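Just so we're clear, the structure is a prediction, and the values are computed from it rather than from any experiment. Below, chains carry the letters A, B, ... as their sequence lines are ordered, and counting in each starts from 1.
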Number of protein chains: 2
Amino acid sequence: MRIGELAERAGTTTRTLRYYESRGLLTARRTEQGHRTYDENDLRLLQQIRTLQDFGFELEETRPFVDCLRAGHPAGDACPASIAVYRRKVAELDGLIEQLRAVRAEVGAQLLRAEAELPLGPEPRCELGTEWDTETAETTEGRRG
Amino acid sequence: MRIGELAERAGTTTRTLRYYESRGLLTARRTEQGHRTYDENDLRLLQQIRTLQDFGFELEETRPFVDCLRAGHPAGDACPASIAVYRRKVAELDGLIEQLRAVRAEVGAQLLRAEAELPLGPEPRCELGTEWDTETAETTEGRRG
DNA sequence: TCTTGCCCTGACGTCGGCGTCAAGGCCTAC
DNA sequence: GTAGGCCTTGACGCCGACGTCAGGGCAAGA
């Protein structure tokens with residue numbers, strides 16, 4: 001299949017596929033006219049990349065998985081190098097989550113303190129259009145969208 | 001004081017201060033030679049910005065706090081607009097943390113499955129230099145540094 | 001006088017993962 | 001012949017918060 005069909009079947013764009021090729025992932029064969037040609041195996045590679053990207057993996061981090069599939073393994077994570085990436089990612093996520101939880105606690109505490117010190121009073125149960133609610137509605141883009 | 005001294009006292013750089021000025025935060029008076037001049041109040045504004053930046057706030061999100069201090073309030077979060085930013089940030093953090101926890105759970109599960117399916121066996125209790133440990137050491141830059 | 005040190009403005013570089021435009025080629029249908 | 005649709009390469013744009021370099025000014029000390 002050609003690049004447009006592969007992109008559509010994988011739910012991505014041709015630009016993305018050319019970018020992956022420029023990075024050395026997902027290289028393509030060529031027709032006589034110079035058009036890129038892909039097969040079902042390339043689709044599997046691409047799906048592997050996309051799945052990991054959705055998880056927040058950087059492109060470079062997907063490389064071991066692609067290499068693993070290219071080497072003939074049934075799954076991209078059937079190789080030690082891929083598992084090493086998994087491990088690093090889990091550790092990274094754990095660290096990040098803990099960091100964000102600390103920030104969330106700090107900001108939450110500041111919010112409570114600042115609300116309590118507001119001279120006008122926070123009135124948390126009141127759902128009328130108070131001053132800060134109005135301001136929120138002006139600066140927030142579709143929090144309900 | 002001049003820009004170099006303010007930057008040093010706030011633990012930042014002159015480039016950063018000029019950048020803040022270009023964004024309309026932390027504007028400075030000028031000497032006859034055109035040099036920027038700051039006072040103690042500017043230091044407080046800057047410290048407010050830096051604190052929020054450390055929390056992961058974008059520069060634009062610090063603007064209400066700065067405006068609040070400029071308006072003469074004793075704290076940057078003594079104004080409704082600042083509190084609105086706090087609220088949005090807390091909600092944003094909660095959403096992000098939940099999202100990361102979901103990804104972490106998924107990646108963790110994939111890791112366990114992949115380890116179990118490794119033909120060589122994961123041997124989780126073994127701390128010898130196994131294949132993937134070696135590979136990790138090659139591709140990870142100073143995990144102990 | 002010459003160096004040192006601080007300051008100025010302007011502008012390009014960085015990082016990731018593409019989006020988007022420009023300019024052109026090839027094949028097919030009308 | 002020509003319009004449409006798919007493909008090609010090349011290259012600039014984007015976002016955020018600056019880093020870094022170029023080229024120049026001004027004042028104090030040796």
Side-chain angles (χ1 to χ4, degrees), chain A residues 1-39 42 45-66 85 88-89 92 96 103 139 141, chain B residues 1-39 42 45-66 85 88-89 92-93 96 103 141:
Chain A
M1 79 192 88
R2 288 179 300 173
I3 193 169
E5 185 182 345
L6 177 60
E8 192 179 0
R9 288 181 63 182
T12 182
T13 68
T14 61
R15 177 68 183 92
T16 295
L17 301 190
R18 293 197 189 94
Y19 177 65
Y20 289 173
E21 182 168 322
S22 78
R23 298 286 93 193
L25 300 160
L26 204 69
T27 59
R29 269 76 51 198
R30 298 296 181 119
T31 67
E32 289 182 359
Q33 288 78 31
H35 291 189
R36 291 174 177 81
T37 306
Y38 303 89
D39 56 22
D42 290 321
L45 296 188
L46 180 52
Q47 285 168 338
Q48 172 75 84
I49 296 172
R50 293 266 98 195
T51 298
L52 296 175
Q53 286 268 87
D54 289 344
F55 282 162
F57 284 51
E58 294 180 5
L59 260 193
E60 276 310 308
E61 293 175 322
T62 73
R63 195 179 296 274
F65 295 80
V66 175
V85 173
R88 270 188 284 141
K89 208 68 191 177
E92 183 186 320
L96 186 54
V103 169
T139 58
E141 357 155 38
Chain B
M1 80 193 89
R2 287 179 301 173
I3 193 170
E5 185 182 346
L6 177 60
E8 193 179 0
R9 286 181 63 181
T12 183
T13 68
T14 60
R15 178 68 183 93
T16 295
L17 300 190
R18 293 197 188 95
Y19 177 65
Y20 289 172
E21 183 167 321
S22 79
R23 298 286 93 192
L25 300 159
L26 204 71
T27 58
R29 270 76 51 196
R30 299 295 183 120
T31 67
E32 290 182 358
Q33 289 78 31
H35 291 190
R36 291 174 178 80
T37 307
Y38 303 89
D39 57 22
D42 291 319
L45 297 187
L46 179 54
Q47 285 168 337
Q48 172 75 83
I49 297 172
R50 292 267 97 196
T51 298
L52 296 175
Q53 286 268 89
D54 287 345
F55 282 161
F57 284 50
E58 293 179 5
L59 259 193
E60 276 311 307
E61 293 175 321
T62 72
R63 195 179 295 275
F65 295 80
V66 174
V85 173
R88 270 188 285 143
K89 208 68 191 179
E92 183 186 320
L93 285 168
L96 186 55
V103 170
E141 40 208 327

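For Arg36(A), a side-chain nitrogen or oxygen approaches OP1 or OP2 of dT8(D) to under 4.0 Å. Distances shown here put a side-chain N or O of Gln53(A) below 4.0 Å from the OP1 or OP2 atom of dC18(C). Regarding contacts with the backbone of dG19(D), a side-chain N or O of Thr16(B) is found under 4.0 angstrom from either OP1 or OP2.
Distance alone, capped at 3.5 Å, is enough to place a donor-acceptor pair between the Asp42(B) side chain and the Asp39(B) backbone.
Thr13(B) comes within 4.0 angstrom of the backbone, heavy atoms only, and of no base. Contacts of Arg18(A) with the nucleic acid, taken as non-hydrogen atoms under 4.0 Å apart, include base atoms.
If you take CD of Glu61(B) and P of dG16(D), they are 10 Å apart, rounded to a whole angstrom. Note: OH (Tyr19(A)) to P (dT20(C)) measures 16 Å, nearest angstrom. Put simply, CD on Glu21(A) is 13 Å from C1' on dC7(D), counting in whole angstrom units. Regarding Leu17(A), its CG atom lies at a distance of 14 Å from the C1' atom of dT8(D), rounded to whole Å. Here dG17(C) presents its P atom at 15 Å from CG of Leu26(A), a figure rounded to the nearest Å. In this structure, CG of Leu6(B) is placed 10 Å from P of dC7(C), rounded to the nearest angstrom. The separation between Met1(B) atom CE and dC7(C) atom P is 12 Å, rounded to whole Å. Spacing between atom CG of Leu25(B) and atom P of dC18(D) amounts to 11 Å, rounded to whole angstrom units.
Taking a cutoff of 4.0 Å between a charged side-chain nitrogen and a carboxylate oxygen, Arg30(A) and Glu21(A) qualify as a salt bridge. Looking at Glu5(B) and Arg2(B), no side-chain N of the basic residue comes within less than 4.0 Å of a carboxylate O on the acidic one, giving no salt bridge.
Distance OG1/Thr27(B) to OH/Tyr38(B): 8.5 Å, rounded to 0.5 Å.
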**Prompt:** Where do Val66(A) and Leu26(A) land on the side chain to side chain contact (heavy atoms under 4.5 Å, CB included) test, with the steps shown first?
**Reply:** CA-CA 8 Å; Val66(A) 175; Leu26(A) 204 69; over 6 Å; no

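Residue whose closest nucleotide on DNA chain D sits further toward the 5' end, between His35(B) and Glu60(B): Glu60(B). Toward the 5′ end of DNA chain C lies the nearest nucleotide of Arg15(B), the other residue of the pair Arg15(B) and Tyr20(A) mapping further downstream. For Phe57(B) and Gln33(B), each mapped to the nucleotide of DNA chain D holding its nearest heavy atom, the one lying further toward the 5' end belongs to Phe57(B).
With distances taken from any side-chain atom of Arg2(A) to the nucleotides dC6(D), dC26(D), dA17(D), the minimum falls on dC6(D). Which of dC18(D), dC8(C), dC6(D) sits closest to the side chain of Arg30(B) comes down to dC8(C). Nearest to the side-chain atoms of Ile3(A) among the listed nucleotides dA17(D), dT8(D), dC8(C) stands dT8(D).
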